[in-house]
Amino acid sequence: MSAAPPGYQSVLDRLETAAARGGTSLEVLGEVRHGETTHPLKSLVLGRGAPRRALLSAGIHGDEPAGVLALTEFIESGRYRLFLGDWELTLIPCINPHGYEAATRLNPAGQDLNREFKSASPAREVALVQSVFTRRFNLSMELHEDNDSPGYYLYQKSRFDRGKFPGEQILKAVQGLVPLNAEEEIDGMPSDGGVIHRLSGPEAMDWWPMALYSLWKETEICLTLESPTLLSLQTRVLAHVTAIEAALRLCR
Ligand SMILES: [Zn+2]
């Protein structure tokens with residue numbers, strides 16, 4: 001058994017300290033209230049004004065802490081600085097704070113926030129995330145975990161042809177650290193060595209995950225990264241940080 005992940009406020013405190021070292025601070029997108037508990041939903045923008053823009057997010061499913069901790073590690077370690085010449089980085093480190101605190105996939109209203117992005121009246125958390133899309137991104141990356149998967153895999157969708165997809169190279173970067181999911185089908189979709197090319201576009205779907213909303217908002221490359229929960233939390237975090245860095249290198 002590994003130790004429980006740090007609480008939401010602790011994650012925010014660590015990011016705030018790291019942001020201050022970079023001469024900036026977190027921004028409050030808005031407050032999210034469920035029952036008696038209110039949490040601020042926060043974002044962090046680093047390298048403002050760089051030529052390309054990336055959106056990194058995690059914690060939309062509250063029981064998937066590796067993504068939240070990977071973003072925290074990426075910022076706290078200062079490794080993000082290597083990319084600031086090319087990238088303005090917008091982070092939403094934990095989209096579902098109530099779910100994160102309770103270690104539940106859903107928010108307390110029973111909503112899977114990653115199914116809410118086409119809704120005419122989406123959950124509060126989702127509406128706040130949508131507010132950052134007033135500007136276009138070149139790349140979006142969402143960090144998830146999968147408790148059924150034997151290895152790391154990812155979804156990718158791009159406005160370009162397949163030649164520009166970074167997925168295969170991202171998996172090459174993480175495969176020394178974690179096994180890949182080599183199954184021919186993952187979650188009912190054909191997979192090529194752990195890379196799933198989303199079959200349907202935003203128009204064809206009744207509901208949207210954040211990645212398809214991102215695509216609809218003209219993000220050039222949308223990645224959903226899935227780390228297998230069978231590995232230690234520390235390894236899952238390392239795999240996600242490695243994937244983030246590979247994607248930022250490959251897509252600049
Ligand atoms: Zn998830």
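Bear in mind the structure is a predicted one, so any value in this text is a computation, not a measurement. Counting convention: from 1, in listed order, for ligands and their atoms alike.
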Problem - N/O/S atom name from H61 that is nearest to the position of the Zn ion (ligand 1) - result: ND1
Handout entry: Shortest-distance N/O/S atom, H144 versus the Zn ion (ligand 1)
Key = ND1
Problem - Transitive ILVMFWY side-chain link L106 to V129, under 4.5 Å - result: no
Handout entry: Metal proximity, D146 vs the Zn ion (ligand 1), N/O/S cut-off 2.8 Å
Key = no
Handout entry: Identified side-chain contact (heavy atoms from CB on, under 4.5 Å) counterpart of V178 within the set L231, T242, L171
Key = L231
Exercise for the section: Could you check L44 against E27 for side chain to side chain contact (heavy atoms under 4.5 Å, CB included), going step by step and ending with a plain yes or no? Expected result: CA-CA 6 Å; L44 174 61; E27 296 163 27; over 6 Å; no
Problem - Atom CG of D13 with >12 non-hydrogen neighbours under 6.0 angstrom - result: yes
